[in-house]
**Student:** 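Structure below; questions to follow.
Nothing fancy with the numbering, it's 1 onward along the sequence.
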Amino acid sequence: MKKKTLSFRARALSLLLCCALLLSISMLYASGTSSAYSPHNISARSAVLIDSNGAVLAEKNAHERMGEASTTKIMTALVIAQTMPLDTPVTIPAEAVGVEGSSVYLCAGEILTVKELLLALLLESANDAAAALAIASSGSIDAFAEKMNESARALGLENTNFKNPHGLYDEEHYTTAYDLAKISAEALKLPALCEIFATKKAQIPSGVTKDMPNGEGKRYLHNHNKMLSLYEGAIGVKTGFTKKTGRCLVSAAERDGLTLIAVTLNAPDDWRDHALLLDYGFDNFEHVTLFDAGEFSYQYAISGGREQFVRATNSLPLALTMPKESREYATLLEFEQRFEIAPLKEGTRLGSLTLTSSLGTVSSPLIAAYTVDASFKKNKFFS
């Protein structure tokens, strides 16, 4: 009896220790971290934290060229979403079947929509879905990779080169933490992709063909991005891993109008790294709307009008990410000419307004807030 009692106590103690460990892990992620952010506390070889406008808030070797594994698929999704309607049917080609690595086991001749393939691409990180989308878009993997590189150049990215749409290792396939953050910021501008990035679970058809329009069943997809459950306000984005690149992760979170994007490459402890980075961002920075649309006012000269001035105002809202302890910014007014001649219609562009802080710049056209008529009307006999 004594032996059995000791055995029971040992099992109970073991169970309590396990529960305590799980609780401590849960508390770590609930509070974000157990220590404050610094580059030395980040396990990643390369990391960056930016806001949605691209302002760099924290970084570690952010411009070092590295492999990015399946976070490649963010650019794949961006190019596809920009060029193909989501309801476009795609017939799976033989070249997309049996691709190495993560897969949803597509079959040649199956028919899925672009959106269904994007769900497989971004939730299950399916390499076969990446190949199918690339071929549907451009006819071949190589041609699609060039389209990805064109998009990178259009974003001004100088340290990124793609060789495939899925991220399987290639020496000439690389990016940087900063470039990948910029790509992710661009992808987050598309509502359709935002919806998919934030989806935890989904279903897509299985076995749909021309002869079998109802298919044979369902594929159940689960998002690999644990940040969606671990971090308050998380809205995406994508995980990645190969033995040669290590663990790669792009995460995004939104609180009080501030959207932050964190990237880590080759990060042994990536979930903790991202909690540290995001906590640092939300603790120290805020999204500040400096002027709503139409709120800024400047008296702009008018010649020959019933009024000598017109109110010039911003047509777009102006907001910046700013340090919580400082809201300092510089204002630059630029007009297309020294004055306007009446009549002047409401909404006429007069120039631009630019606001610059330590973290970035934002601009808006300046327009006439109302119509200014000429001071007299020409007589039709003397016109």
Side-chain angles (χ1 to χ4, degrees), residues 25-39 41-42 44 47-60 62 71 74 122 177-178 180-201 223-239 249-264 267 269-293 316-329 355 357-362:
I25 292 172
S26 175
M27 288 176 66
L28 169 68
Y29 286 113
S31 63
T33 65
S34 59
S35 60
Y37 159 80
S38 83
N41 290 339
I42 297 295
V48 74
L49 177 71
I50 69 169
D51 74 351
S52 56
N53 291 324
V56 176
L57 309 181
E59 64 99 12
K60 176 184 178 182
T71 58
I74 300 169
L122 297 173
Y178 175 76
L180 187 52
K182 292 278 286 186
I183 292 167
S184 303
E186 195 69 18
L188 286 166
K189 292 178 182 178
L190 302 180
L193 289 186
C194 287
E195 178 186 341
I196 296 174
F197 289 142
T199 299
K200 294 181 181 179
K201 296 180 182 180
N223 200 322
H224 296 181
N225 184 6
K226 294 180 182 179
M227 291 297 288
L228 292 173
S229 299
L230 292 174
Y231 197 83
E232 180 188 350
I235 57 173
V237 176
K238 185 74 185 73
T239 61
L249 179 61
V250 180
S251 68
E254 185 176 34
R255 294 182 189 173
D256 299 322
L258 176 61
T259 300
L260 299 179
I261 299 161
V263 177
T264 53
D269 198 0
D270 52 2
W271 308 120
R272 180 177 176 277
D273 284 354
H274 281 248
L276 278 168
L277 286 163
L278 293 168
D279 275 357
Y280 170 77
F282 289 122
D283 287 346
N284 292 280
F285 302 94
E286 60 185 336
H287 175 83
V288 181
T289 299
L290 299 169
F291 295 100
D292 288 320
L316 302 174
L318 293 166
L320 285 168
T321 298
M322 307 184 82
K324 286 186 175 180
E325 73 275 8
S326 171
R327 289 192 176 186
E328 294 182 358
Y329 63 91
L355 307 180
S357 75
S358 61
L359 293 174
T361 297
V362 65

**Student:** Does the side chain of Lys201 reach to within under 4.5 Å of the side chain of Asn223, using non-hydrogen atoms?
**Tutor:** no
**Student:** Whether the Asp279 and Tyr231 side chains hold a donor-acceptor pair (N or O, under 3.5 Å, no angle test) is what I'd like checked.
**Tutor:** yes
**Student:** Less than 4.5 Å apart, side chain to side chain, heavy atoms only: is that true for Tyr37 and Ile42?
**Tutor:** yes
**Student:** Please report the shortest heavy-atom distance between Ser251 and Met227, naming the atom on each side.
**Tutor:** CB-CG, 4.2 Å
**Student:** Is there a donor-acceptor pair closer than 3.5 Å between any side-chain N or O of Ser357 and the backbone N or O of Leu359?
**Tutor:** yes
**Student:** Identify, with sequence neighbours excluded, every residue that meets ring pair (Phe, Tyr, Trp, His ring centres under 6.0 Å) alongside Phe285.
**Tutor:** Tyr280
**Student:** Does the side chain of Val288 reach to within under 4.5 Å of the side chain of Leu320, using non-hydrogen atoms?
**Tutor:** no
**Student:** Compare all side-chain heavy atoms of Leu249 with those of Asn225 and state whether any distance is below 4.5 angstrom.
**Tutor:** yes
**Student:** Do the side chains of Leu258 and Glu254 get nearer than 4.5 Å, heavy atoms only?
**Tutor:** no
**Student:** List for me each residue that meets side chain to side chain donor-acceptor pair (under 3.5 Å) alongside Thr321, sequence neighbours excluded, and say none if there are none.
**Tutor:** Asp51
**Student:** Can you name the closest pair of heavy atoms from Ala185 and Ser52 and give their distance?
**Tutor:** CB-O, 3.9 Å
**Student:** Return yes if some donor-acceptor pair links the side-chain N/O of Lys60 with the main-chain N/O of Ala44 below 3.5 Å, else return no.
**Tutor:** yes
**Student:** Distance from Leu355 atom CG to Leu318 atom CG, nearest 0.5 Å?
**Tutor:** 5.0 Å
**Student:** Within the 4.5 Å heavy-atom criterion, are Thr289 and His287 side-chain neighbours or not?
**Tutor:** yes
**Student:** What residues, two or more places apart in sequence or in another chain, satisfy side chain to side chain donor-acceptor pair (under 3.5 Å) together with Thr361?
**Tutor:** Thr356
**Student:** Residues in salt bridge (Lys or Arg N to Asp or Glu O under 4.0 Å) with Glu286, at least two apart?
**Tutor:** Arg327
**Student:** Could you tell me whether the side chain of Leu188 reaches within less than 4.5 Å of the side chain of Leu193, counting heavy atoms only?
**Tutor:** no
**Student:** Using modelled atom types and a 3.5 Å cut-off, is there a donor and acceptor pairing between side-chain atoms of Arg272 and backbone atoms of Asn41?
**Tutor:** yes
**Student:** CG/Leu277 to CD1/Ile261 distance, rounded to the nearest 0.5 angstrom?
**Tutor:** 12.5 Å
**Student:** Taking it one step at a time, do Thr239 and Thr71 satisfy side-chain contact (heavy atoms from CB on, under 4.5 Å)?
**Tutor:** CA-CA 6 Å; Thr239 61; Thr71 58; over 6 Å; no
**Student:** With a 4.5 Å cut-off on side-chain heavy atoms, are Met322 and Leu290 touching?
**Tutor:** yes
**Student:** Got a sec, which pairs hit salt bridge (Lys or Arg N to Asp or Glu O under 4.0 Å) with one end in residues 189-200, sequence neighbours left out?
**Tutor:** Lys115-Glu195, Glu186-Lys189
**Student:** Which residues pass the ring pair (Phe, Tyr, Trp, His ring centres under 6.0 Å) test with Tyr178, not counting sequence neighbours?
**Tutor:** His63
**Student:** With distance as the sole test, does Lys324 use its side chain to make a donor-acceptor pair with the main-chain N or O of Phe282 at under 3.5 Å?
**Tutor:** yes
**Student:** Knowing that exactly one of Ile50, Val48, Leu49 qualifies, which makes a side chain to side chain contact (heavy atoms under 4.5 Å, CB included) with Glu59?
**Tutor:** Val48
**Student:** If I take atom CD1 from residue Ile235 and atom OG1 from residue Thr199, how far apart are they, to the nearest 0.5 angstrom?
**Tutor:** 12.0 Å
